[in-house]
Structure formats: C-alpha cells, structure tokens
There are 2 protein chains.
Amino acid sequence: MRDIPATMRALVLHAYDLEGYDSLTLEERRTPRPARGEVLVRMTASPINPADIAFLHGLYGAKKPLPVVPGVEGCGVVVAVGGGWMARRLLGKRVACAAGNGDGAWAEYMVAPALQCAPLPARVSDEQGAMSIVNPYTAWAQLAIAQQLRMRAIIQTTAAGALGRMVIRLARRRGVQVINIVRRDTQVKALQAIGATYILNSEAPDFDQQLRTLSHQLDARLAFDSLAGAMTGRLLAAMPPRARVVVYGGLSMEPIQAIPGDVIFDQRSIEGFYLAHWVARQRLLTLLSMQRELRRLSEVTHTEVQLRAPLAAGQRAIATYEAQMSAGKALLMPGMAPD
Amino acid sequence: MRDIPATMRALVLHAYDLEGYDSLTLEERRTPRPARGEVLVRMTASPINPADIAFLHGLYGAKKPLPVVPGVEGCGVVVAVGGGWMARRLLGKRVACAAGNGDGAWAEYMVAPALQCAPLPARVSDEQGAMSIVNPYTAWAQLAIAQQLRMRAIIQTTAAGALGRMVIRLARRRGVQVINIVRRDTQVKALQAIGATYILNSEAPDFDQQLRTLSHQLDARLAFDSLAGAMTGRLLAAMPPRARVVVYGGLSMEPIQAIPGDVIFDQRSIEGFYLAHWVARQRLLTLLSMQRELRRLSEVTHTEVQLRAPLAAGQRAIATYEAQMSAGKALLMPGMAPD
C-alpha cells in the first residue's frame with residue numbers, strides 16, 4: 001500500500017431520496033484496504049447507469065447501509081491486492097470492475113472482489129472499459145433468454161439508450177428481430193441511422209395498434225421493459241398470447257399497471273430481470289464464453305459518451321444524463337481536474 | 001326432438017356493460033338444436049359464478065357475439081342428442097355440463113358439447129351437480145399447480161368464498177398449508193369454523209406485515225389472487241423471493257398494480273390462470289383422474305347456497321350474490337315458478 005495516499009476523494013450518498021440526490025456530496029475519506037480475494041483499483045472512469053440512479057433513489061435491489069459510495073462499475077488500475085491468487089494475478093493490470101457489497105466506483109479508489117474484475121486488452125480505451133460490464137452483460141443475457149425461449153423476435157423499451165443500441169446490434173448477429181420502442185421522433189431517426197428495422201414511437205396516437213400488429217406479425221412474445229408503469233400493461237395487452245414482459249427497470253417511476261384479463265386469459269406473464277441474479281444463476285462456463293464473445297465484439301458494445309465530468313461535478317453530470325439518457329453515457333473521471 | 005317445446009325462456013345479454021347488466025332480459029327464444037357431438041340439456045339449476053359476472057361486464061376471456069345467453073355451467077337432463085356415440089350415451093341422463101362457444105346455461109334448455117357433460121351419480125343433488133365443474137376443477141387445478149411446483153404452502157384471496165372453502169378442504173387432504181386472506185372479521189370466524197389455520201384480514205392495519213411474516217415462515221411462494229388491483233402488488237411485496245402471484249380474477253375491478261422493484265430484484269412474477277386453458281393443456285388421463293377424485297370428494301366440493309331464483313328474477317339474484325359472495329352461491333332454477 002505504499003505510494004497510495006491515506007485519504008481519497010469520493011462521492012458519498014447520505015440518504016436515499018425518491019425526489020433527488022441532494023445528499024450526494026464530494027468528501028475526503030480514508031482510502032479503503034482490500035481484504036483477501038479483493039483488489040484496490042485506482043479509478044480512471046466510471047459511468048452513470050440507470051441502475052445507479054435507481055440506487056440513489058433507494059429503488060435498487062440491495063439497499064446498502066449509508067453513508068455509501070455509489071457506482072456499480074468502472075475502469076482503473078489495480079494498485080494493491082489483499083491476497084489470494086485471483087487477486088495477485090491482477091496486480092498492476094488495467095481492469096474493468098464491478099462494485100461488491102460495500103462502497104462503489106464513484107471515487108478515486110475502489111475495493112472490488114477480484115472475481116468481479118477483468119483485465120482489459122490494450123485496444124480497449126479506459127472509457128469503453130469502464131462501461132464493459134453492466135450494459136454488455138445485460139444485452140448478452142437478454143439475447144440468451146430470448147434464444148433459450150426460442151424467440152425469433154423481441155421487444156424493447158428505451159431502445160435508443162446505450163443498452164438498447166447494444167441489443168439491436170447483438171440481436172442482428174443472432175438473427176433475432178427487435179421491435180424498438182422509443183419516445184421521440186429524433187430517437188426514431190437515430191435508430192434508423194444504425195440500421196434498426198422496426199421502430200415505434202410510444203407517443204404516436206396509433207402506437208398500441210401498431211405494436212399489436214407488428215408483435216403478432218413477428219410473433220414477438222418476449223419484451224424487455226425498463227420503464228414499468230403503464231407501459232408494462234400496454235406491452236402485455238398488445239402482444240400475442242403466451243407473451244412475457246420482463247421488467248428490468250422502473251424509469252417511469254410509476255407502479256407496474258396491467259389489466260387483469262390480459263394476464264388471466266392468454267397465459268401472459270410479468271417477470272423480472274436483475275443482472276446480479278442472472279449472473280449468479282449461470283454456470284461459470286457460460287460466463288466465460290460471454291466474456292470471450294463480448295471482448296471480440298467491441299463494435300457491438302461500443303457506447304457513445306455525451307459527457308465527462310470530474311467527481312466534483314457529479315450531481316450536475318447525473319442531472320444532465322437523466323435529462324436525455326439516449327444522447328450517450330455520462331462518465332465520472334476521478335483524475336479529471338474540476339472546472 | 002318430440003316433446004320438446006319449440007320455444008323456451010332464457011336470460012339474454014344484449015350489451016357488455018362495465019357498470020352493470022341492465023341489458024340482461026328474460027326472453028322467449030327458439031329452443032336450440034344439438035349438432036353432431038352435442039346434447040340438448042333441459043336445465044334444472046345453474047349457478048351465478050364470479051366468471052359469469054365478469055362475462056356480463058365484458059371482462060371475460062372470450063367475448064361471445066351478442067345477443068347471447070350467459071351461464072358457464074349447470075345441471076339438467078339430456079333430452080336430445082345430435083349424433084355421435086359420445087352424445088348418444090348421455091341420452092336421458094342427468095348431467096353436469098359446461099357451456100360451449102355459443103349460448104350458455106341460464107335458460108330452460110342449453111346445447112352443450114357432449115365432451116363437456118358428465119353424468120351425475122344419484123347421491124349428488126341437482127344443486128350440487130350444477131356447481132360441480134367451475135369451482136371444483138379450479139380448486140383441483142390450483143392444488144395441482146402447487147404440487148407441481150413443490151409448494152408446501154399457498155396463499156389465496158377471497159378465501160371465504162365457495163372456491164376458497166374448497167381449496168381449504170382439498171389442501172388439507174393434500175398436506176398443503178393455506179394462508180387465507182379475507183376482508184371481514186365475520187369471514188375470519190366463518191373460516192375458523194371450518195378449521196382453517198391461517199386467516200388474515202386484509203383490512204387490518206398490520207395486514208402487510210402479518211402476511212410478510214407468515215409467508216416467509218411457511219415459505220409460501222405461490223398465491224392465487226382473484227382480486228387483482230392493489231392486492232396483487234401487496235401479495236408480491238410481502239412474499240419471499242421467487243414468489244409467483246397467479247391472478248385468476250379481477251373482482252376488485254382495478255388494474256393490477258405492483259412496484260417494479262418487487263418484480264425485478266427477487267425473481268417474483270405475476271402470471272395468470274384460466275380454467276379453460278388449463279383444461280386444454282392437461283392430458284386426458286389427468287382430467288379423468290381429477291373427475292374420479294372429485295366425484296369421491298363430495299364433502300370437499302360441497303357448496304353452500306344462499307339463494308335460489310327463477311330465471312325471471314335473474315337480475316335481482318345476481319345483485320344479491322354480488323353484494324356478499326361469501327354468504328353462499330346463488331342458483332338460477334329454470335323450473336321454479338316466479339314469485
């Protein structure tokens with residue numbers, strides 16, 4: 001641990017707040033020390049993911065004890081290890097890493113379980129490396145679920161976001177059709193530009209009828225829904241019998257709503273998807289083959305960046321990203337000098 | 001078809017109406033004629049089921065073309081057959097019968113598919129025979145689903161209704177625990193009287209906490225919900241991870257509501273149950289063994305009757321039943337003289 005400062009700067013959340021994230025403040029904290037099986041990563045970049053925003057609002061799966069450093073993933077260099085061969089082999093390497101049960105990635109340093117770190121090939125930038133877990137794994141998992149259920153076509157909401165674009169590109173490689181739902185005409189154009197075939201604007205007056213026609217035509221019986229609220233029920237009502245709507249986000253900030261008859265009479269169901277649980281249920285071989293494939297597919301997982309900000313500008317960066325998620329990711333760069 | 005009058009009296013629905021059933025009128029109609037594989041039943045009794053009420057409101061699975069005679073099941077004597085050995089063997093027999101795709105049971109005569117008629121043993125009364133399909137099959141199917149999923153405990157709403165009581169008795173024979181949810185203290189007492197162990201009143205201020213404690217204690221991960229609305233989400237939120245809420249009715253008349261996080265993070269799901277589809281998915285041997293077992297279990301399927309009414313008093317009978325479903329079934333008796 002020599003050459004490592006005793007304290008570091010970190011964004012610290014003090015209260016889960018449905019209305020905002022005013023309690024998120026930049027603080028000087030003791031630099032954490034890795035235990036056995038863990039590594040200490042000097043962070044270079046960490047994205048603001050929708051999952052992070054849900055976490056700030058107290059809406060994410062495992063609420064952590066407060067105060068806590070948010071941030072589910074990032075990229076950095078392993079500068080110390082806590083012992084164990086898994087950790088030791090990472091020393092000095094540039095890695096992508098996912099946060100464990102404690103403090104997260106929005107800090108100058110993060111302790112991460114060695115098992116949740118992957119060395120990055122030289123051709124992958126820090127920025128792309130910082131976003132190489134949550135969205136790519138989710139896109140891969142969604143296509144794996146689709147193929148396990150022998151679906152030839154799927155539906156996704158917030159299709160113009162970083163994950164949505166990844167799903168579009170990965171599905172094309174897999175020969176799976178995607179019905180993409182967006183909320184603005186500019187997003188329709190953006191997805192046409194990357195070659196998406198089926199794009200529906202949910203604000204269009206005939207959206208529900210269009211979705212019904214198209215989902216029946218393509219036999220799309222699996223939807224991945226990041227919005228929840230009324231959209232879950234609209235998907236369910238439009239889709240063919242035996243459809244499943246898999247909710248994996250609550251961006252609408254509204255409760256799931258659905259007409260009972262749509263669930264009762266046609267064997268439709270509402271299920272959930274949570275990446276951490278999906279990963280925990282997979283065999284190690286599946287995960288290794290996923291990592292290998294994703295490493296090859298950097299053009300599939302490439303993510304646009306709309307904003308880079310130092311930790312000191314964290315709150316502002318979150319607000320900018322939240323206002324238009326489909327414009328690209330926002331990255332927190334702990335090494336960047338404040339304005 | 002000799003000895004069969006050319007016309008009959010029937011309750012006829014002219015409009016699906018979310019607000020009521022004013023368009024249901026007693027009419028003189030041509031007596032229907034059975035086609036091949038069908039029988040003509042002179043009806044003696046037919047219950048008013050929650051499914052019938054949903055049908056009147058236009059909320060039931062298959063909306064039939066109007067005008068139509070409602071009524072999903074009943075009891076009567078087969079007075080004519082349309083040909084085919086399945087139909088011929090029923091001639092002259094007293095049967096329980098379920099309606100086909102056309103007109104239903106709330107009439108002096110009904111045409112039913114021979115496959116949906118079962119001869120009644122002499123010891124079964126017309127009244128009990130008239131209710132021997134919808135509820136007993138549903139109770140049997142719910143326990144079959146529970147056992148297929150290896151559930152040691154289930155949860156049910158509207159537990160004080162006819163179906164709820166059947167489930168309690170059948171579950172006891174199967175060694176499956178039931179957490180019974182009711183909405184009134186008098187219903188708590190009624191279920192205690194028939195020996196139910198776990199009874200919760202959803203109007204109690206600590207209901208959600210009680211349900212959480214009990215469902216975790218008994219590992220109850222399967223709920224059958226006839227209400228929908230907010231109850232579906234309350235069940236889901238209280239139950240242990242990997243819980244399924246199976247919605248089979250919408251008695252609350254409200255959309256299903258659930259918090260996205262309750263679906264996303266703990267592999268909980270919302271599914272549907274529709275008896276007709278369940279039956280269609282079973283092997284014939286399963287259905288035969290179900291019928292055989294239910295015939296033996298007349299004490300399990302016995303249903304209280306709160307009201308008998310001639311067809312002419314149909315509207316009033318529905319309103320009375322709707323006002324307090326757990327007081328017993330209401331039966332329409334086509335042979336009964338009007339007041």
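Chain identifiers are assigned alphabetically (A, B, ...) following the order of the sequence lines, protein sequences preceding nucleic acid strands; residue numbering begins at 1 within each chain. Note that these values count all heavy atoms, side chains included, but never hydrogens, waters or copies made by symmetry.
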Original post:
Is there a side-chain contact between A:Met325 and A:Thr158, using heavy atoms and a 4.5 Å cut-off?
Top reply: no
Subject >> Side-chain heavy atoms of A:Val263 within contact of B:Thr232, under 4.5 Å >> reply: no
Pair count under 4.5 Å, heavy atoms only, with chain A: among B:Asp262, B:Ile264, B:Val246, B:Ile259, highest is B:Ile264
Pair count under 4.5 Å, heavy atoms only, with chain B: among A:Gly249, A:Ala228, A:Ser252, highest is A:Gly249
When the 4.5 angstrom heavy-atom criterion is applied to A:Arg281 and chain B, the contacting part is side chain
Check whether the side chains of B:Thr213 and B:Gln209 place a donor and an acceptor atom closer than 3.5 Å, and report yes or no. yes
Of the listed A:Phe265, A:Phe273, A:Tyr274, the one with the largest count of heavy-atom pairs under 4.5 Å with chain B is A:Phe265
If one checks every heavy atom of A:Asp266 against chain B at 4.5 Å, the contacting part turns out to be both
Nearest heavy-atom contact between A:Pro47 and A:Met131 is CB-CG, 3.8 Å
Note: vs chain A, highest number of non-hydrogen pairs under 4.5 angstrom among B:Asp225, B:Val247, B:Val245 is B:Val247
In this structure, CG of B:Leu59 is separated from OH of B:Tyr16 (nearest 0.5 Å) by 10.5 Å
Check: If you measure only the distance, is there a donor-acceptor pair under 3.5 Å linking the side chains of B:Tyr137 and B:Gln282?
Finding: no
Ranking B:Gly233, B:Ala276, B:Ala258, B:Gly272 by heavy-atom pairs under 4.5 Å to chain A gives rank one to B:Ala258
